[in-house]
Undergrad: 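My structure is below; once you've seen it, I'll send some questions.
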Amino acid sequence: MSRFKVRYIFLLVLLFFTTAFKSFGQNSTGFELQRTFEKVRMTDYDDFVLGNSTFLLTHDKNPYRLAYGLEIQEALFGEFGGLYVFGLITELDYGLSSFPISMNVNAFLGGGGGAGAPDGSGLAFRYGGGVKYALNANFNVLARYSNYNFPSGNMGGAQFQWGFSYGVSPILYSNSLDVKMANQSASIQSIFMFLDAQDGASLKSDYQASIVGVEYAARYNKHLQGLIRLQAAISSEIDGFMAYYTGLSTTLCNYKSITWSAQTLIGSCGGGGVNTSGGFAYLIETGLDFKFPRKSISISRGYNASYAGSFSADYVQLGFKYHFESSFLLGTKGHKLKTVEGVKSTFLGLRTGLNIHKAPNALDKNGLLYKDMTLMYFGLAYPIHPRFDLLGETRWAMGGDYGAYAEGVFGLSASILNCKKFNIRLPVHIVVAGGGGIDVGKGVGVQFNLSVNYSYSEHSKLSFSVGKLDMIQGNYKPLSIHLSLRRNLLIHHK
């Protein structure tokens, strides 16, 4: 693939993304969830099926609609189970006035890989066009012709993409009297998975793997919740194993402060030598929630299995949940408030940018000297105090030679100096990482940064930071340089 085409796609995504960043008004910002599928045509390998989950903020300017957000791509069928790609996506719709049809074009830029796929540096891009057909005000079916490529690897093709989308607009309000809210929760999970020699190529006997997960839940009604779950291994024997699932949780019984529920999720998992074939997998679990004010502790027992591979394992899961009501509606319509008593407003920070890891003077797992690595990232910053933000990020490799490498980041950022439009902060991160032949020990590290932020508009900031990443029990300890944009979105919560 020519450098000209790669640069063209990069500029297209950057242009759309910057335009959307500047144009979004608080009253007209909506949310759209897309789920699409495409069979990527390969030349030297078997074709494989990608499932794409797209989370878009939308801005309507009739008859146009501009959108930008995050896309997670997962291999479901083929020979690359465990291949994941994360990236930024932009879309433009043009509605036809006489028909419930809109023309659609989009562009994606990101990074990823894994499962022994010929992904090169991990850089991936896609551009495509097609149509959306509106079944009702919120639900659309869509079909596009997609051109997908890893320009530094040996993957990619042109094929049809099909799927559906569900949108809610607006989700952000400047006036709390107009607000709609939904019950939601966010949780951190610790999973102990019981594997045997049939589950992974590197396993010779029974093995207890440690996995960390994060989950978002949105309540649809009294008994049903929608779930999004991401997992990553922090065990050396299956370093690089990842999973992504969506599903439903059903409340079976409530007794005082204890809730018994059952969950069913489908999605994908793989990497780390785990035998998941094409990647398609499912989870079935049941457990108890012990509720406290706004919080709960969960204990679950479950079964995780690959559809076509030999991987199947029981697990025990411990979780800590934080419950809240918010106007940031992800896949649910929400409900009108009867009173605004107790409603608070805050600015949720949406952060996107590039991260460069300067190579340490050490050898990777393949016995080669580390190279500099470029990562793209997407994250959220939630203020818990005038001086402190909670941070959550995902970073994925797109430059270097480490396409399967990815990081999940949790942290806290403290403001230490404010001067007009400039602000200096100290972010501290816990990093869960793996893949790409990087020696990350057990997959957990710590990163300390110094960040300088410049407010170039009322709700937008430019950030530059420098820090040091230290992977515990691993030799990967790069200097980390970071450049990002932050857009503050007004939300209401209780």
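Keep in mind that what you see is a predicted model, and the values were worked out from it rather than measured. Atoms considered below: every heavy atom in the structure, side chains included; atoms not considered: hydrogens, waters and symmetry mates.
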Undergrad: Taking the six-membered ring for Trp, are Tyr148 and Phe150 closer than 6.0 Å centroid to centroid?
TA: yes
Undergrad: Test: salt bridge (Lys or Arg N to Asp or Glu O under 4.0 Å). Region: residues 143-152. Which pairs qualify, not counting sequence neighbours?
TA: Glu91-Arg144
Undergrad: More than 12 heavy atoms of other residues, nucleotides or ligands under 6.0 Å from CD1 of Ile266: yes or no?
TA: no
Undergrad: Going through the checks in order, is the side-chain contact (heavy atoms from CB on, under 4.5 Å) test met by Leu350 and Leu57?
TA: CA-CA 11 Å; Leu350 177 66; Leu57 291 175; 3.6 Å; yes
Undergrad: Tell me if the CZ atom of Phe160 is crowded by more than 12 foreign heavy atoms within 6.0 Å.
TA: no
Undergrad: Over 60° means perpendicular and under 30° means parallel, so tell me whether Tyr307 and Phe77 are parallel, tilted or perpendicular.
TA: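 Answer is perpendicular, since the angle exceeds 60°.
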Undergrad: Looking at Phe37, I'd like to know if its CZ atom is crowded, meaning that more than 12 non-hydrogen atoms belonging to other residues, nucleotides or ligands lie closer than 6.0 Å.
TA: yes
Undergrad: By side-chain hydrogen bond (donor to acceptor under 3.5 Å, both in side chains), which residues pair with Glu71, not counting sequence neighbours?
TA: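 Listed in chain order: Thr54, Gln73, Arg126.
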Undergrad: Please tabulate, one pair per line, all N/O donor-acceptor pairs under 3.5 Å involving side-chain atoms of residues 243-250, not counting sequence neighbours.
TA:
{"from": "Tyr244", "atom 1": "OH", "to": "Ser53", "atom 2": "OG", "distance (Å)": "3.0"}
{"from": "Tyr245", "atom 1": "OH", "to": "Asn304", "atom 2": "ND2", "distance (Å)": "3.1"}
{"from": "Ser249", "atom 1": "OG", "to": "Gln263", "atom 2": "NE2", "distance (Å)": "2.9"}

Undergrad: Output all residues satisfying side-chain hydrogen bond (donor to acceptor under 3.5 Å, both in side chains) with Thr36, sequence neighbours left out; order by chain, then residue number.
TA: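 Once residues adjacent in sequence are excluded, the partners of Thr36 under the side-chain hydrogen bond (donor to acceptor under 3.5 Å, both in side chains) criterion are Asn52.
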Undergrad: Can you sort out the partners of Asp93 under salt bridge (charged side-chain N to carboxylate O under 4.0 Å, His left out), two or more places apart, ordered by chain and number?
TA: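 Scan of Asp93 (salt bridge (charged side-chain N to carboxylate O under 4.0 Å, His left out), adjacent residues dropped) gives Arg65, Lys132.
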Undergrad: Hey, does the side chain of Ser187 reach the backbone of Lys321 with a donor-acceptor pair shorter than 3.5 angstrom?
TA: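 No; judged by distance alone, with no hydrogens or angles, the pair does not exist.
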Undergrad: side-chain contact (heavy atoms from CB on, under 4.5 Å) with Ala406: which residues, sequence neighbours excluded?
TA: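 Listed in chain order: Met242.
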Undergrad: List the steps, then state whether side-chain contact (heavy atoms from CB on, under 4.5 Å) holds for Ser484 with Phe464.
TA: CA-CA 7 Å; Ser484 68; Phe464 174 81; over 6 Å; no
Undergrad: Quick check: are there more than 12 heavy atoms from other residues, nucleotides or ligands sitting under 6.0 Å from OH of Tyr94?
TA: no
Undergrad: Considering only NZ, NE, NH1 and NH2 on the basic side and carboxylate oxygens on the acidic side, decide whether Asp389 and Arg486 come within less than 4.0 Å.
TA: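 Yes, this pair counts.
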